[in-house]
Amino acid sequence: METKIIKIDENNVDEDLISEAVNIIKNSGTVAFPTETVYGLGANGLDENAIKKIFMAKGRPQDNPLILHVHSMKQVEELVEEVPDIGKICMEKFWPGPLTILLPKSNKVPDIITAGLNTVAIRMPEHKIALELIRKSNVPIAAPSANTSGRPSPTSAMHVIEDLMGKVDLIIDGGTTGIGLESTVLDLSGNLPMILRPGGVTKEELQKVIPNVSIDLAIIKENENIVPKSPGQKYRHYAPKSDMMVFSGDIENIVENIIKNTKKYIDNDKKVGIICTDETKEFYKEGLIISIGSRNNKETIAHNLFNTLRLFDKEDIDIILAEGVELSDLGIAIMNRMMKAAGGKVINV
Ligand code: AMP
Ligand code: MG
């Protein structure tokens, strides 16, 4: 399949170029496009044939449901049975933005979207290109991250090209994505509001609106044999080609342990990559050392994480040793992605 690539400026969205993408969506094709979280791979969310193409291109397991992206509250109404008051409040406060809301689905939503579940995941992205594409297509757009399943999510068009060239109809290059991590998935379908995947909207921010919101423990404790409530969370995800270990705890202990392990692996002829932070970079002398930002600025760490994992892939690193961050605010989402990337190998020091 031939994949066309077009560039669109988010601050000056070219109507003709968007129309080209809209035509593809209307003809059951696939379009990768930027959002404020990561790049999405979009197709008409009401068209089963089009949705199948997303699963094919990504190699995504059929039991992992997709998020429907909307441009208006009105669009939500036909996709769900009913929007509870707390849902309306969350939509008003956090949309457009990195919050995905799960609600009981209407009959209009194809089963392939929800992987047979009776809830549907919906989000309104905060990105002009994404919103224009959805508005002009006039359908909800199903869009998981535009990467090969299991690989780090794409935060630039180059990442999408690496994974999906020849597998999708169109890639819209709209620059790098702002947040760099996926949306928070919030389940409002039951009695207890629960975060099923941490993401761009933090638990602390949600608590201001929903004081009793809880978090699915399975998403921060990989080794505890708890089955996650969101199907996507049970897979190894975001994975670099190399092995990876995350060190968590007191920062001095983290640095000491990474230095010790770097030496051990290098003595065994392994190529070591280190994910560190601005505050600790000077302590490391061996290995390929990349700082993902300041420990005082989790937004930057989130923004850089997936790109850094992909950089190490290009360097043929054997093992990545990564500094963990504290489990608060965006740190919960960052640690969740690092933990998944490392296949659960988190070492508390
Ligand atoms: P992605 O768009 O690839 O970043 O992933 C979407 C995430 O939302 C995955 O972790 C899915 O398992 C989750 N998700 C989507 N729909 C549902 C649903 N109906 N119930 C539970 N989780 C869902
Ligand atoms: Mg994904």
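Every number for a ligand or one of its atoms is a count from 1 in the order of the listing. Scope of the values below: all heavy atoms of this structure, side chains included, with no hydrogens, waters or symmetry mates.
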Looking only at protein heavy atoms, which one is nearest to [atom], and what is the separation?
atom: atom 3 (O) of ligand 1; value: Arg60 NH1, 2.8 Å
atom: atom 5 (O) of ligand 1; value: Arg197 NH1, 3.3 Å
atom: atom 13 (C) of ligand 1; value: Ser230 OG, 3.3 Å
atom: atom 11 (C) of ligand 1; value: Asn64 OD1, 3.2 Å
atom: atom 23 (C) of ligand 1; value: Pro65 CG, 3.5 Å
atom: atom 8 (O) of ligand 1; value: Val185 CG2, 3.8 Å

Q | Sole candidate of Ile122, Asn118, Leu117 that passes side chain to side chain contact (heavy atoms under 4.5 Å, CB included) when paired with Val120 | A | Ile122

Q. Under the criterion side chain to side chain contact (heavy atoms under 4.5 Å, CB included), which of Thr184, Thr202, Ile215 is the partner of Ile332?
A. Ile215

(Q) Taking Val325 as the starting point, is it possible to reach Val255 by hopping between hydrophobic residues whose side chains are less than 4.5 Å apart? (A)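 Hydrophobic grouping puts Val255 apart from Val325.
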
Q) With hydrophobic residues grouped by side-chain heavy-atom distances under 4.5 Å, do Ile51 and Met56 end up in a single group? A)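 No, no single cluster joins them.
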
Q: Could you name the option among Pro144, Ala142, Gly40 that has the heavy atom nearest to atom 2 (O) of ligand 1?
A: Pro144

Q. Which of these, Asp63, Leu68, Asn118, Leu102, has its nearest heavy atom closest to atom 18 (C) of ligand 1?
A. Leu102

Q.
Tell me the contacting part of Ile67 for ligand 1: side chain, backbone, both, or neither, using a 4.0 Å heavy-atom threshold, strictly below.
A. side chain

Q) Does Asp187 approach ligand 1 within less than 4.0 angstrom via side chain, backbone, both or neither, non-hydrogen atoms only? A) neither

Q) Of all the atoms in Ser145, is at least one N, O or S atom closer to the Mg ion (ligand 2) than 2.8 Å? A) yes

Q. Is the distance between the ring centroids of Phe33 and Tyr39 less than 6.0 Å?
A.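 No, ring centres 6.0 Å or more apart.
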
Could you tell me whether the side chains of [X] and [Y] share a donor-acceptor contact shorter than 3.5 Å?
X: Asn307; Y: Thr155; result: no
X: Glu323; Y: Thr280; result: yes
X: Asp47; Y: Ser28; result: yes
X: Asn147; Y: Lys58; result: yes

Q: Report yes or no: does Thr114 have a heavy atom closer than 4.0 Å to ligand 1?
A: no

(Q) Taking a cutoff of less than 4.0 Å between a non-hydrogen atom of the residue and any ligand atom, is Lys105 in contact with ligand 1? (A) no

Q | Student check: side-chain heavy atoms of Arg310 and Asp163 closer than 4.5 Å | A |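 SC-SC contact between Arg310 and Asp163 confirmed.
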
Numbering as shown, the atoms of ligand 1 that approach [X] to under 4.0 Å (heavy-atom distance):
X: Ala121; value: 15 (C), 16 (N)
X: Leu117; value: 18 (C), 19 (N), 20 (N)
X: Glu182; value: 4 (O)
X: Pro231; value: 12 (O), 21 (C), 22 (N)

Q: Step by step, work out the side-chain hydrogen bond (donor to acceptor under 3.5 Å, both in side chains) result for Glu279 and Ser294.
A: CA-CA 6 Å; Glu279 289 81 359; Ser294 166; 2.6 Å; yes

(Q) Taking distance alone, with N or O pairs closer than 3.5 Å, would you say Thr119 contacts ligand 1? (A)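 So ligand 1 has an N or O lying under 3.5 Å from an N or O of Thr119.
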
